Novice: 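Please find one structure pasted underneath; my questions will follow.
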Amino acid sequence: PPSAPRSAISNVNETSVFLEWIPPADTGGRKDVSYYIACKKCNSHSGLCEACGSHVRYLPQQTGLKNTSVMMVDLLAHTNYTFEIEAVNGVSDQNPGARQFVSVNVTTNQAAPSPVSSVKKGKITKNSISLSWQEPDRPNGIILEYEIKYFEKDEETSYTIIKSKLTTITADGLKPGSAYIFQIRARTAAGYGGFSRRFEFETSPVSVAASSDQSQIPIIVVSVTVGVILLAVVIGFLLSGSCCDHGCGWASSLRAVAYPNLTWRCGYSKAKQDPEEEKMHFHNGHIKLPGVRTYIDPHTYEDPNQAVHEFAKEIEASCITIERVIGAGEFGEVCSGRLKLQGKREFPVAIKTLKVGYTEKQRRDFLGEASIMGQFDHPNIIHLEGVVTKSKPVMIVTEYMENGSLDTFLKKNDGQFTVIQLVGMLRGIASGMKYLSDMGYVHRDLAARNILINSNLVCKVSDFGLSRVLEDDPEAAYTTRGGKIPIRWTAPEAIAFRKFTSASDVWSYGIVMWEVMSYGERPYWEMTNQDVIKAVEEGYRLPSPMDCPAALYQLMLDCWQKDRNSRPKFDEIVSMLDKLIRNPSSLKTLVNASSRVSNLLVEHSPVGSGAYRSVGEWLEAIKMGRYTEIFMENGYSSMDAVAQVTLEDLRRLGVTLVGHQKKIMNSLQEMKVQLVNGMVPL
Ligand code: ACK
């Protein structure tokens with residue numbers, strides 16, 4: 001027989017061991033030398049060893065090895081092993097002497113748990129699926145928790161993650177009669193193991209018998225048949241050619257000049273799930289409640305491109321028709337246009353473009369907004385259609401909101417809406433914000449300018465810029481989109497010590513309420529930021545907008561509570577607004593016009609030595625010079641006297657146009673606020 005192999009070396013990687021050696025010095029004069037590996041698991045205290053058992057796998061094999069290396073996998077973590085490498089030949093069996101081997105001692109490392117291999121479905125309803133599973137075969141430590149990822153089949157980019165310490169969960173809030181894909185992975189102190197294979201389960205369908213009578217069944221059968229035929233036709237069509245034959249492409253001459261790189265293919269490529277998914281973390285350590293989706297901060301991705309493709313569909317540029325430029329965004333032009341996707345009807349979209357000559361950081365920040373927006377799915381959050389990243393210009397495509405930004409829209413339509421319409425807008429914004437706060441997303445820049453409004457007066461929250469979320473950057477608090485924290489909209493604790501939470505978003509929501517009820521008036525008018533900070537800190541608050549229902553102004557004041565825990569939550573705001581909408585008479589009580597003004601007068605010194613030397617000069621400055629005479633004739637000849645004017649007085653003086661009343665009252669308020677450095681004290 002041959003002598004023992006020589007110079008064996010080992011390389012340990014978690015729970016795998018690689019062995020390599022040199023052939024024996026003496027082959028016994030034969031050419032049929034092969035190797036056999038004996039594996040022993042040894043107790044570190046007693047030193048006693050036992051055979052490893054059948055769970056260890058040998059690559060390529062345990063016996064008859066021709067090469068001088070082998071790999072053992074699926075060993076136990078933190079375990080001492082002895083491997084004996086024996087050289088054998090055709091006569092070894094006949095040798096009564098001792099075996100000739102070289103041995104190697106190794107200790108395996110900590111390792112992540114092996115994948116969960118068996119998952120069973122439990123109770124299934126039309127909206128929920130219960131699951132149970134077995135601990136992984138090799139936990140390699142104590143399992144701290146499981147992570148269960150699921151999504152509707154073929155909708156992989158929008159998924160939910162639930163964490164559970166038990167080996168059972170119920171996923172609820174699912175669609176009836178829909179297939180869902182589940183994957184589970186375990187976490188130990190060593191980290192997450194790999195995800196299990198995909199398990200597919202289906203929710204039960206909505207019971208037809210319960211919701212329809214027998215006579216409808218033939219209709220359903222016919223519909224299904226027609227549906228199947230249509231589906232076959234569509235599939236045939238899709239297989240036979242591209243949708244470009246059917247009208248997608250550029251409609252205007254703008255296309256060739258401004259965007260020459262676009263191709264003529266059509267459709268979007270679905271974002272693929274990347275194995276790097278393990279790198280994701282939860283935003284701000286936000287703890288998930290079962291069944292509630294959590295926002296994932298794109299910053300936790302090493303590669304921002306991966307984040308954007310995780311959450312946004314790639315659209316081929318040839319499917320977009322740019323029609324006109326509608327504004328300027330932070331990174332480039334904002335255009336309106338049309339999107340034609342395969343199998344869908346063309347529809348209007350807004351297109352944000354990234355200007356040429358951008359830096360890598362600008363591209364990242366620009367697409368960061370899409371990575372955030374793509375995670376949301378709510379009627380009051382602006383909907384992302386997709387992104388164009390594979391050609392230039394880089395674009396973000398969203399649904400089109402016919403009436404543009406809410407602040408501009410309200411200014412343009414001053415006094416044109418009923419209170420119920422205004423409350424409807426506010427309800428929509430609150431509902432969108434409730435969704436965001438449930439997802440663990442803090443907006444930080446909620447303001448009417450960042451709300452878009454469509455032709456049905458539906459308001460949607462937009463502007464999900466990334467730069468605001470740089471918590472660790474000491475400059476971040478002062479360098480948001482406009483270069484500064486939006487002081488007038490921001491809660492005092494967020495200004496003072498950057499405590500941005502959903503409660504600080506509630507403060508901003510109160511300011512948005514004020515903006516809406518005053519048709520786009522600038523909060524705190526022309527006061528400087530420093531004065532606003534000081535006044536708010538001293539307990540002053542914005543006075544009620546004109547003709548504002550008392551219940552709404554009270555809600556604003558609640559949102560502006562200094563103690564953030566005393567502010568209402570977004571779900572409470574939604575319920576309160578719903579109540580007011582259901583009971584419109586509750587909106588009839590307005591904040592008393594005279595108290596609205598006297599509030600200021602009682603607390604603060606009257607206007608007297610303000611910026612204007614005479615009543616005439618003041619009225620001219622606000623383009624209300626036509627009323628100078630009436631004012632003078634009625635005893636309002638000095639600025640001190642003017643400071644006492646109430647809305648009733650104005651009406652009595654014959655100032656009947658609401659627009660004029662507003663101009664005068666707001667100007668008065670502005671002057672008072674500037675003088676006293678404050679507003680309504682709480
Ligand atoms: O007030 P606007 O018309 O509404 O001007 C701004 C401009 O682009 C720069 O932001 C408008 N805008 C932005 N997103 C959209 C959208 N999804 N639909 C319609 N207009 C939009 C915004």
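The model shown is predicted, which means the values in this text are computed figures rather than measured ones. Count residues from 1 along the sequence.
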Novice: Between atom NZ of K392 and atom OG1 of T353, what is the distance when rounded to the nearest 0.5 Å?
Specialist: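 The OG1 atom of T353 is 13.5 Å from NZ of K392, to the nearest 0.5 Å.
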Novice: Between S667 and W618, is there a side-chain donor-acceptor contact under 3.5 Å, judged purely by atom types and distance?
Specialist: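 Present: a donor and an acceptor within the cut-off.
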Novice: Would a distance-only check, ignoring hydrogens and angles, find a side-chain to backbone donor-acceptor pair under 3.5 Å from N380 to V461?
Specialist: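 Checking the backbone N and O of V461 against the side chain of N380, no donor-acceptor pair under 3.5 Å is found.
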Novice: Would a line drawn from the ring center of F464 to the ring center of F376 be shorter than 6.0 Å?
Specialist: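 Between F376 and F464, which both carry aromatic rings, the centre distance is below 6.0 Å.
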Novice: Indicate yes or no: does R522 engage D407 in a salt bridge with an N to O separation below 4.0 Å.
Specialist: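 No salt bridge links R522 with D407.
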Novice: With distance as the sole criterion, is a donor-acceptor pair present between the side chains of T389 and H309 under 3.5 Å?
Specialist: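 Side chains of T389 and H309: pair found under 3.5 Å.
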Novice: Report yes or no: is the cationic atom of R449 (NZ for Lys, CZ for Arg) under 6.0 Å from the centre of the six-membered ring of W489, at an angle within 45° of the ring normal?
Specialist: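 Yes, a cation-pi geometry.
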Novice: Do the charged groups of E360 and R364 touch, with an N to O distance under 4.0 Å?
Specialist: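 R364 and E360: not salt-bridged.
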Novice: For the residue pair D649 and T646, confirm or rule out a side-chain donor-acceptor distance under 3.5 Å.
Specialist: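 The answer is yes; a qualifying pair exists.
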Novice: Looking at E572 and K569, does any basic side-chain N land under 4.0 Å from a carboxylate oxygen?
Specialist: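 So E572 does not pair with K569 through a salt bridge.
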Novice: Atom CG of L647 and atom CD of Q661: how far apart are they, to the nearest 0.5 Å?
Specialist: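 Separation between the atoms: 5.0 Å.
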Novice: Measuring from atom CE of M433 to atom CG of L446, what distance do you get when rounded to the nearest 0.5 angstrom?
Specialist: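 Output value for this atom pair is 5.0 Å.
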Novice: Would you mind checking if K352 and E369 are paired as a salt bridge, meaning a charged N to carboxylate O distance below 4.0 Å?
Specialist: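 Salt bridge flag = yes for K352 with E369.
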Novice: Would you say that more than 12 heavy atoms from the other residues, nucleotides or ligands in this model lie under 6.0 Å from the NZ of K663, or not?
Specialist: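 No, NZ of K663 has 12 or fewer neighbouring heavy atoms, counting only those of other groups under 6.0 Å.
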Novice: Looking at D414, is its backbone amide N or carbonyl O close enough to the side chain of Q416 to form a donor-acceptor pair, meaning the two atoms are under 3.5 Å apart?
Specialist: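 Between the backbone of D414 and the side chain of Q416 there is a qualifying donor-acceptor contact (under 3.5 Å).
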Novice: Test: ring pair (Phe, Tyr, Trp, His ring centres under 6.0 Å). Region: residues 647-671. Which pairs qualify, not counting sequence neighbours?
Specialist: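 Matches after skipping sequence neighbours: Y627-H660.
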Novice: Which atom pair, heavy atoms only, marks the closest approach of V591 to A550?
Specialist: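 Result for this residue pair: CG2-CA, 3.7 Å.
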Novice: Does the structure place the NZ or CZ of R488 under 6.0 Å from the centre of the six-membered ring of Y524, at an angle of no more than 45° from the ring's axis?
Specialist: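 No, cation not above the ring by the 6.0 Å, 45° rule.
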Novice: In Å, rounded to the nearest 0.5 Å, how long is the span from CE of M439 to NZ of K434?
Specialist: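 Between atom CE of M439 and atom NZ of K434 there are 12.0 Å.
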Novice: Is the number of heavy atoms from other residues, nucleotides or ligands under 6.0 Å of E402 CD greater than 12?
Specialist: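 For E402, atom CD is crowded (more than 12 foreign heavy atoms under 6.0 Å).
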Novice: Among E538, E493, E537, whose salt bridge (Lys or Arg N to Asp or Glu O under 4.0 Å) with K562 holds?
Specialist: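 Of E538, E493, E537, salt bridge (Lys or Arg N to Asp or Glu O under 4.0 Å) with K562 is met by E537 alone.
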Novice: Do D578 and R582 sit within salt-bridge range, that is, some charged N less than 4.0 Å from a carboxylate O?
Specialist: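 No, no charged N to carboxylate O under 4.0 Å.
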Novice: Would you mind telling me which of W525, Y509, Y519 makes a ring-ring contact (aromatic ring centres under 6.0 Å, His included) with W514?
Specialist: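 One option only clears the test, and that one is W525.
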Novice: With sequence neighbours left out, write down each residue that passes ring-ring contact (aromatic ring centres under 6.0 Å, His included) with H383, or none if nothing qualifies.
Specialist: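 H383 satisfies ring-ring contact (aromatic ring centres under 6.0 Å, His included) with no residue once adjacent residues are dropped.
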Novice: Closest approach of L426 and V512, non-hydrogen atoms and distance?
Specialist: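 Looking at all heavy atoms of both residues, the shortest contact is CD2-O, 4.3 Å.
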Novice: Of all heavy-atom pairs between I573 and C559, which one has the smallest distance, and what is that distance?
Specialist: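 Looks like CD1-SG, 4.0 Å.
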